[in-house]
Amino acid sequence: MSRYVFDSSAVQAPERFSALETCYDPVSRLRLAQTGVGAGWHCLEVGGGGGSLGAWLADVVGPTGQVLLTDLVPQAEGPLSERPNLTVARHDIVNDVLPDDAFDLVHARLVLLHLPQRRAVLDRLVSALKPGGWLVLEEFDCGWIPVLSAPDPGAARLFDKVHTHLMRLLTEAGADPLWGRRVYGAMFQAGLTELAATTYAEAWPGGSPGIHLHRVNTEQVEDRLLAGGITFGELGDFWSLLKNPAFAVNSYPLVTVCGRQPR
Ligand SMILES: C[S@@+](CC[C@H](N)C(=O)[O-])C[C@H]1O[C@@H](n2cnc3c(N)ncnc32)[C@H](O)[C@@H]1O
């Protein structure tokens, strides 16, 4: 059974997907395009969330291609309708059946980080590739998000305190907040070749779409943060800080690793 902390049936999920898509889709599209994905390809988008990348892939592979977008909680709304070459399925990547040798491209962004069984899931994704197929994994390294600007020294301390508690919750649920830095090595050990990795980060000032991710994430686990030692006042001050243009924090660095199944 999955212990995914940010259950996608929660009211905060659409805002989470929107923040991720705004900040990271341009990077993801660039990296995916570098695999050569094009007409006729068969693609698997794992944990596709709001669906923007699945829809984009469907447009790229065209009528002779196919995209299968899976998620524990497929979204009913969004850009996924009216594309005959796009199938959306409820599917647990840890436990449900996945075909072997089926896909030219498998992509997952910010999914394996959350799964205690991430190494086994990686092996499953590799098995799902056709010979010569590409795996593209994109994961956060949550270990480098320095505060870049703060209205006062206490603000930086408050940000770090709340964020540290959030990371503790994720870790207790089996996530690995540092998975981003381990993906390249894991994909090498899984037998993939032609490995390439890049890391993308930017500043998230108060009030920006990216920093809103911290709002929805902490809001969704508010009860657990309060039970774990964050006070109601601290949480309110944290949420105010996220709207303050004098505050800025580094985005989560997104590590993208591409690797190829040997022919
Ligand atoms: C952080 S969101 C990322 C969504 C999307 N990939 C993106 O980057 O915008 C993680 C997604 O993985 C899905 N997920 C979590 N556990 C899963 C599992 N065991 N199998 C399939 N999807 C899962 C969640 O429902 C959610 O949509």
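First listed ligand is number 1; within each ligand, the first listed atom is number 1. Residues take their numbers from the sequence shown, with the count starting at 1. All of these numbers come straight from a predicted model, not from anything done at the bench.
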Proximal atoms of ligand 1 relative to [X] (non-hydrogen, under 4.0 Å):
X: His91; answer: 20 (N), 21 (C)
X: Gly49; answer: 4 (C), 27 (O)
X: Ser8; answer: 24 (C), 25 (O), 26 (C), 27 (O)
X: Leu115; answer: 16 (N), 19 (N)
X: Asp92; answer: 18 (C), 19 (N), 20 (N)

Ion pair check, [X] and [Y], cut-off under 4.0 Å:
X: Arg182; Y: Asp176; value: yes
X: Lys130; Y: Asp101; value: no
X: Asp59; Y: Arg83; value: yes
X: Asp100; Y: Arg124; value: no

Does the side chain of Glu234 come within less than 4.5 Å of Thr231's, by heavy atoms?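 Contact flag for Thr231/Glu234 side chains = yes.
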Counting only nitrogen or oxygen atoms and a 3.5 angstrom limit, does Ile93 reach ligand 1?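 Yes; at least one N/O pair falls below 3.5 Å.
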With nothing but distance in play, are any N or O atoms of Gly47 less than 3.5 Å from an N or O of ligand 1? yes
Below 4.0 Å from ligand 1: does a non-hydrogen atom of Glu138 turn up there or not? no
Taking a cutoff of less than 4.0 Å between a non-hydrogen atom of the residue and any ligand atom, is Thr70 in contact with ligand 1?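 In this structure, Thr70 fails to qualify as a contact of ligand 1 - no heavy atom is under 4.0 Å.
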Over 12 foreign heavy atoms within 6.0 Å of CH2, Trp239: yes
Pairs involving residues 9-29, ordered by first then second residue, that meet ring pair (Phe, Tyr, Trp, His ring centres under 6.0 Å) (sequence neighbours left out):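 Those involving residues 9-29 are Tyr24-Phe140.
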Using heavy-atom distances only, which candidate in Asp71, Leu69, Leu72 approaches atom 13 (C) of ligand 1 most closely?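 Residue with the shortest heavy-atom distance to the ligand atom: Asp71.
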Pick whichever of Gln75, Glu45, Arg109 has a heavy atom sitting closest to atom 8 (O) of ligand 1.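 Going through Gln75, Glu45, Arg109 one by one, Arg109 has the nearest heavy atom to atom 8 (O) of ligand 1.
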With a heavy-atom distance limit of 4.0 Å, tell me whether Tyr24 approaches ligand 1 through its side chain, its backbone, both, or neither. neither
Please list every donor-acceptor pair under 3.5 Å in which a side-chain atom of residues 36-43 meets a protein atom from a residue at least two apart or in another chain.
none

